[in-house]
Amino acid sequence: MAFTSGRHFLQIPGPTNVPDRVLRAIDFPTMDHRGPEFGKLGLEILDGLKFVFQTQQPVVIYPASGTGAWEAALVNTLSPGDKVLMTETGHFATLWQKMAAKLGLQVELLATDWRRGADPVAIGARLKEDKAHAIKAVCVVHNETSTGVTSRIPLVRKAIDAAGHPALFMVDTISSLASIDYRHDEWGVEVTVAGSQKGLMLPPGLSFNAVSEKARKAGQTAKLAKSYWGWDEIIAANKSGFFPYTPATNLLYGLHEAIQMLREEGLPQVFARHARHAEATRRAVRAWGLEILCANPEEYSNTLTAVMMPAGHDADALRKIILQAYDMSLGTGLSKLAGKVFRIGHLGDFNDLTLMGTLSGVEMGLALAGVPHKKGGVQTAMEYMTECARGKSAERVAA
Ligand SMILES: Cc1ncc(COP(=O)(O)O)c(C=O)c1O
């Protein structure tokens, strides 16, 4: 393949671009994972994860993709035949549901049209009906990466509480953690599932379970078979910063650096940055005359935007042209959205100019591919970002 100058734009909604600081941190000799230096690193990382998940509870790290952390959440807390209530918000919620069924759980699925999030009212109503408390867990994908819809987790928590139901609450934050505000403790989540390759700005390969006391208690009687995924052994070893197996040492170097970067920027600033870039993207999409897949503005995702193609035009043909002409990867439409949407990832190591480059690539690609649209999306986004920057410098002057 011929050399392509300049950086590839990896604007899929994860894995995201890995910043140089993280790449440099990973590029160190692997150390003895049973040695004294490692214990110090381990403790710093485990403490830093509490900051990222906004929790005082343990966060378990797996050398696995996010799918592993999904499985860990279920097998650590549930028994064969247990009922779990899930909402089919899109492709990833469907995969989690299929996994639960394969593990021998009985899944009850609340359907959506893949254009909105989990409905707190429907969840509350179903839990109220369940007088015998047969439902043992409610599982929700916080940010559905296939659709660009963010479910309102605090409202789901309120609905569970209002129903007076003891079900565990499990939330997948794989494409929201460290990008969209998420509070494991304050929002009363029992198990939070996350992955390394999106807001944490790392390569794929690590995943996480943040675990509440109630979840650990449920684990004492949970009968699903588990060995590698078992929390207790890992949490016990973590007390001194070690792991009961060989950890992904070099990815942990990267995680240590990524947490440091998040601390330096500050979580509120990280969330505000993602919100700004998402809003600018949506303004561009509307200016192009295209439709955003998410139908509820209160549930717009701040990490990605799924854009619907005009009838008769194929999203993958557009993506192919953009990749060939501008060396930018955009997210494909998954399962029933194949060909119908493309997804713009605006998360992770991303700034105003990466946003403008991304949107320019889309606008030029739409023209090149002959997709009917109006010009001016990039201009609209630019004007919005300028307004935001003016606001920020006014804040600085006032301070
Ligand atoms: C919301 C969500 N959940 C789960 C997964 C599965 O994670 P992985 O592909 O890392 O196993 C993904 C992957 O993109 C995701 O976006």
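Nothing here was measured: the structure is a model prediction, and the numbers come from that model. Every number for a ligand or one of its atoms is a count from 1 in the order of the listing.
- Atom 5 (C) of ligand 1 has its closest protein heavy atom at Phe92 CD2, 3.5 Å.
- Residue-level proximity to ligand 1 for Trp96 is absent, since no heavy atom of it falls below 4.0 angstrom.
- At the shortest separation from atom 14 (O) of ligand 1 among protein heavy atoms lies Lys198 NZ, 2.8 Å.
- Atom CD of Glu129 is surrounded by more than 12 heavy atoms from other residues, nucleotides or ligands within 6.0 Å.
- Below 3.5 Å of separation, one finds an N or O of Ser65 facing an N or O of ligand 1.
- Counting only heavy atoms from C-beta outward, the side chains of Ile61 and Ile234 never approach each other to under 4.5 Å.
- Between Glu383 and Arg283 no salt bridge is recorded (no basic side-chain N to carboxylate O distance below 4.0 Å).
- Those atoms of ligand 1 with a heavy atom of Gly66 less than 4.0 angstrom away are 7 (O), 8 (P), 10 (O), 11 (O).
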Asp20 and Arg7: salt bridge (charged side-chain N to carboxylate O under 4.0 Å, His left out), yes or no, with the steps?
CA-CA 12 Å; Asp20 289 350; Arg7 279 221 175 179; 2.8 Å; yes
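- Counting only non-hydrogen atoms, the option in Leu334, Thr303, Asp172 that gets closest to atom 3 (N) of ligand 1 is Asp172.
- Assignment of Gln197 to the shell around ligand 1 is supported, since a heavy atom sits closer than 4.0 Å.
- Ligand 1 has no nitrogen or oxygen under 3.5 angstrom from a nitrogen or oxygen of Asn143.
- Protein heavy atom in closest approach to atom 4 (C) of ligand 1: Trp70 CZ2, 3.1 Å.
- Considering backbone and side-chain atoms alike, Ile174 places every N or O at 3.5 Å or more from each N or O of ligand 1.
- Ligand 1 is never approached by His142 to a heavy-atom distance shorter than 4.0 Å.
- Within a 6.0 Å sphere centred on NZ of Lys214, other residues, nucleotides and ligands contribute more than 12 heavy atoms.
- In this structure, Lys320 places its NZ atom where only 12 or fewer heavy-atom neighbours from other residues, nucleotides or ligands lie under 6.0 Å away.
- Ring centroid separation for the pair His346 and His274 does not come in under the 6.0 Å cut-off.
- Applying ring pair (Phe, Tyr, Trp, His ring centres under 6.0 Å) to His277 and the options Phe271, Tyr300, Phe350, Tyr384 leaves one that passes, Phe350.
- Proximity of Thr173 to ligand 1 is not established, as no heavy-atom distance is less than 4.0 Å.
- Side-chain atoms of Gln57 do not come within 3.5 Å of backbone N or O of Ala210 as any donor-acceptor pair.
- The option from Thr145, Thr67, Leu95 that lies nearest to atom 1 (C) of ligand 1, judged by heavy atoms, is Thr145.
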